[in-house]
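Starting from 1, each residue takes its place in the sequence as its number.
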Amino acid sequence: MTPESYVQEKAAKSGSSFYYAFLFLPAARRAAITAFYAFCREVDDVVDEVQDAGVAQAKLAWWRSEIAASFAGQPSHPVMKALMPLAAEYGIEARHLYAVIDGCEMDLQQTRYLDFAGLARYCHLVAGIVGEVASGIFGRSESQTVQYAHKLGLAMQLTNIIRDVGDDARRGRIYLPMSELQQFEVKAQEILSRGYSDRFTALMRFQAARAHRTYDEALALLPDADRSSQKPGVMMANIYRTLLREIEAEDFRVLHQRISLTPLRKLWIAMRTNWQGR
């Protein structure tokens, strides 16, 4: 299997909403974002799939050394072999890749966040940086587009957190800020034992409202000059926001199930965004 085939398979297998936005890019940009996304999936899978924290830490350390070797001209992993020929052209730097690993390491070291400011720092590493790199690959001419990309990354990560409350609880993790659980009188144990209540629903409505505000703030930051080139990001925003509305319609029954959109629906939203441009 070639490096290009490897990253393509990695991206397609994930079933992510990102994949549907990639389909509308020119070939070179599609190759770059697919390789970068495959890198993100590789390091994220280390945390999600490796049970022993020590082994996971060692695997992430290996990825750090692989990044250093790759930017020194000696990639060995198929993801890095696919990514490196495109990195310079699209402004992908080692610091971006290290930041993604830093975010994944936080998952090994921290299972709670005291307040939203702490959670936002985590989101910056695992989503804001990803948005920054993606916006560079899509093509940007205005510096404000970087701010838009970071804000959009935050909005999508907040949506992920809402969707994955139950999955995360099964791993002993709670990404909802502890100060906000206290505000709505929801105990951490209620979430870990996956118990619903009116208090939990009110807490989740609060989370969803913030996510919606963040989408609005992100899209307001997108400069007109980059609106066309950043269309794949808008596709992802529309897919994720539709998912958020679906979760709201299900009254936030996320503790026992993972609410998702069908592949066909994701593709339709991406196609509609491509036609309408928004």
Side-chain angles (χ1 to χ4, degrees), residues 3 6-22 32-67 70 75 77-83 87 92-113 118-134 137 149-150 152-176 233 236 239-240 243 254 258 260 266:
Y6 180 94
V7 297
Q8 176 64 33
E9 185 173 310
K10 187 80 178 176
K13 268 186 177 178
S14 73
S16 168
S17 304
F18 287 68
Y19 177 70
Y20 297 91
F22 301 168
I33 194 65
T34 300
F36 174 66
Y37 179 72
F39 166 82
C40 294
R41 288 259 38 97
E42 289 283 352
V43 295
D44 193 55
D45 287 348
V46 169
V47 175
D48 286 345
E49 296 176 4
V50 178
Q51 300 298 317
D52 187 303
V55 173
Q57 194 75 55
K59 284 179 175 288
L60 292 180
W62 181 88
W63 272 105
R64 287 187 183 280
S65 65
E66 173 67 4
I67 292 167
S70 298
H77 194 281
V79 162
M80 298 308 292
K81 287 182 177 179
L83 182 62
I92 304 169
E93 302 174 25
R95 67 178 177 88
H96 295 131
L97 307 188
Y98 288 135
V100 174
I101 294 178
D102 289 344
C104 289
E105 280 185 330
M106 288 182 72
D107 282 330
L108 297 178
Q109 300 158 358
Q110 193 168 347
T111 59
R112 305 284 190 281
Y113 290 88
L119 180 63
R121 284 193 290 274
Y122 167 76
C123 293
H124 166 74
L125 294 171
V126 299
I129 293 292
V130 173
E132 178 182 332
V133 172
I137 293 171
H150 275 271
L152 184 58
L154 173 60
M156 292 195 290
Q157 188 63 25
L158 293 176
T159 304
N160 281 341
I161 288 169
I162 292 167
R163 178 195 63 194
D164 294 341
V165 171
D167 284 347
D168 291 330
R170 279 184 278 277
R171 298 186 177 102
R173 300 178 190 164
I174 299 175
Y175 290 94
L176 306 174
M236 290 186 286
I239 291 170
Y240 269 73
L243 171 62
V254 292
R258 193 175 195 265
S260 61
K266 292 176 184 177

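- The shortest distance between side-chain heavy atoms of Met80 and Trp63 falls below 4.5 Å.
- Residues Ile101 and Ile67 meet the side-chain proximity criterion, which asks for heavy atoms closer than 4.5 Å.
- Across all non-hydrogen atoms, the minimal contact from Arg112 to Gln110 is O-NE2, 2.9 Å.
- A pairwise comparison of heavy atoms in Val7 and Ala82 identifies CG1-CB, 3.8 Å as the closest pair.
- Across every non-hydrogen atom of Gly153 and Ala127, the tightest pair is O-CB, 3.2 Å.
- Taking CD from Glu42 and CG from Asp45, the interatomic distance works out to 6.5 Å, rounded to the nearest 0.5 Å.
- Counting heavy atoms from C-beta on, the side chains of Asp102 and Ile129 never come closer than 4.5 Å.
- Contact of the Val43 side chain with the Leu97 side chain is not registered, since no non-hydrogen atoms from C-beta on lie closer than 4.5 Å.
- Here the OH-CZ distance, from Tyr113 to Arg173, works out to 9.0 Å after rounding to the nearest 0.5 Å.
- Between Val79 and Lys10 there is no side-chain heavy-atom pair separated by less than 4.5 Å.
- Interatomic distance, Ile174 CD1 to Ile161 CD1, rounded to the nearest 0.5 Å: 12.0 Å.
- If you take CG on Leu83 and OG on Ser70, they are separated by 8.0 Å, rounding to the nearest 0.5 Å.
- Every residue meeting the ring pair (Phe, Tyr, Trp, His ring centres under 6.0 Å) condition with Tyr6, not counting sequence neighbours, appears here in chain and number order: His77.
- The shortest non-hydrogen separation linking Cys104 to Val126 is N-CG1, 4.2 Å.
- One finds the CD atom of Glu49 at 9.0 Å from the CG atom of Asp44 (value rounded to the nearest 0.5 Å).
- For the pair Thr34/Tyr19, no side-chain contact is recorded, criterion being any heavy-atom separation below 4.5 Å from C-beta on.
- Between Gln157 and His124, every side-chain heavy-atom pair lies at or beyond the 4.5 Å cut-off.
- The existence of a salt bridge linking Glu105 and Arg64 is confirmed by a sub-4.0 Å separation between a basic side-chain nitrogen and an acidic carboxylate oxygen.
- Smallest separation of non-hydrogen atoms from Tyr20 and Lys266: CE1-CD, 3.6 Å.
- The nearest pair of heavy atoms linking Thr159 to Tyr240 is CG2-O, 3.6 Å.
- Using a 4.0 Å cut-off between a side-chain N of Lys or Arg and a carboxylate O of Asp or Glu, Asp167 and Arg171 do not qualify as a salt bridge.
- Once rounded to the nearest 0.5 Å, the distance linking OH of Tyr175 with CG of Asp107 reads 3.0 Å.
- Val130 has its side chain within reach of Cys40: a pair of non-hydrogen atoms, C-beta onward, lies under 4.5 Å apart.
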